[in-house]
Amino acid sequence: MVWHKSRVPETRIVQVADDELKDAVTDACALLRAGEVVALPTETVYGLAADALNPTAVAKIFAAKERPSFDPLIVHIASRGDLKSVAIVPDDIADAVNKLTNAFWPGPLTLILPKHPDVPDLVTSGLATVAVRQSAHPVFRAVNKELGRPIAAPSANRFGRISPTSASAVMKELGDRIPLIVDGGACSEGVESTIISIEPRDGKKPIFRLHRAGPVTKEQLQEFGKVEKVREVQLDAPMAPGQLASHYAPLTPLILLENIADFTPEEGKKYGLLSYTGDDDSPYVTLHEWDAIESLSPGSGKLAEAAIRLFFVMRELDEAGLDAIIAEPVSETGLGVAIMDRLRRAAVRP
Ligand code: AMP
Ligand code: MG
């Protein structure tokens, strides 16, 4: 679908301090009820929200993002009780769904479940399954509850670009394409939700297929089931950008430098470093006279901080007028799995 610039005269940003939450929620719900799209903060990244049961409204998400219609959306519900309005939970995984939602909802875990017939095909790209989560962000929750309907909300960026973790980043991505951005400050997780589907096993804990690594880690999920990768050939699997090799990409080429010996700078080119800690004596910092250095976790080297800052730092370097961004890898444990996943997808192919 092609987006037409003339559709929206101006994008409004409303700030949300505690005392203004009610007004922002009222504004957002009025637009959502009128079948419009609104950018809302979630704990992962900013989402572009629409009434999930209104296909005309959902179509506006695809148009504003220039997102291909084969890429299904995540549906957000206000309470666990609302799950039955968007999904049909099979008996053989009901116990697992209960345990997972008890442990991780509201929060950054998305479950892929058989879809309820009320969910439009446009939301699920025609799949028989729907991806569902309950956001923990107070603004998103309040809008979801007040609206009284499920909300479809992918990240509020143009297709294939870096996910926004602040209202100003949404403005850069979608400004003048959408009527309202609710500014709830910086996102507390910073990377998109973990996505799993569930396969029952007789007399054993279920298998969780990891469709996308995210803030809820493999280690955390293992308490409830066996975590495995999505099978290579899965009949029901969409070719979804969350799974496409190139995604979350800056416009400046990003090179993930797993081995510092592989760095061969070209004369006269400007290079920026996406460092983990930014320590003066780290081998990546001392490798080259960088034109810019941004650190994921300045000084402390904490993966949680690195995840929160990842997309922000990518944007900063993307706007620094560099010829290439050189990224230092992080350790692939816990949240590091999601960070490395995003860095690999942002990176140019060798
Ligand atoms: P986002 O753009 O962050 O909202 O992520 C949406 C992603 O969720 C898609 O790109 C898919 O990877 C995944 N997804 C959504 N619905 C399904 C589904 N029914 N089956 C498999 N993956 C899904
Ligand atoms: Mg996205």
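All values below come from the heavy atoms of this structure, side chains included, with hydrogens, waters and symmetry mates left out. By convention here, the first residue in the shown sequence is residue 1. Start at 1 and go down the list; that is how both ligands and their atoms are numbered.
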Quick one: list whatever passes side-chain hydrogen bond (donor to acceptor under 3.5 Å, both in side chains) with Gln220, sequence neighbours left out. Thr217
Which is it for Val45 and ligand 1 at heavy atoms under 4.0 Å: side chain, backbone, both or neither? neither
Looking at the Mg ion (ligand 2), is one of the N, O or S atoms of Ser163 less than 2.8 Å from it? no
When only distance counts, is Asp71 in polar contact with ligand 1, meaning an N/O pair under 3.5 Å? yes
Can you find a side-chain donor-acceptor pair between Arg80 and Thr101 that sits under 3.5 Å? yes
Arg212, portion touching ligand 1 at heavy-atom distance under 4.0 Å: side chain
Quick one: list whatever passes side-chain hydrogen bond (donor to acceptor under 3.5 Å, both in side chains) with Lys302, sequence neighbours left out. none
Surrounding CG of Asp280 (heavy atoms of other residues, nucleotides or ligands, distance under 6.0 Å), is the total greater than 12? no
Proximity of Lys65 to ligand 1 by residue part, where a heavy atom lies under 4.0 Å: neither
Tell me whether Lys115 reaches ligand 1 (any heavy atom closer than 4.0 angstrom to a ligand atom). no
Quick check on contacts: which atoms of ligand 1 are under 4.0 angstrom from a heavy atom of Ile195? 7 (C), 8 (O), 13 (C)
When you check the side-chain N and O atoms of Asp176 and Thr11, is any donor under 3.5 Å from an acceptor? no
Please list, in number order, the atoms of ligand 1 under 4.0 Å from a heavy atom of Thr129. 18 (C), 19 (N), 20 (N)
Closer than 4.0 Å to some heavy atom of Leu127 - which atoms of ligand 1 meet that? 18 (C), 19 (N), 20 (N)
Do Leu100 and Trp105 belong to the same hydrophobic cluster, where Ile, Leu, Val, Met, Phe, Trp and Tyr are linked whenever their side-chain heavy atoms lie under 4.5 Å apart, directly or via other members? yes
Please state whether the rings of His288 and Phe263 are parallel, tilted or perpendicular, taking 30° and 60° as the class boundaries. perpendicular
N or O contact, Glu192 vs ligand 1, cut-off under 3.5 Å: no
Between His116 and Ser85, do the side chains contain an N or O donor and an N or O acceptor separated by less than 3.5 Å? no
For Arg67, the ligand 1 atoms with a heavy-atom partner under 4.0 Å come out as 2 (O), 6 (C), 10 (O)
Contact check, Ile112 vs ligand 1, heavy-atom distance below 4.0 Å: yes
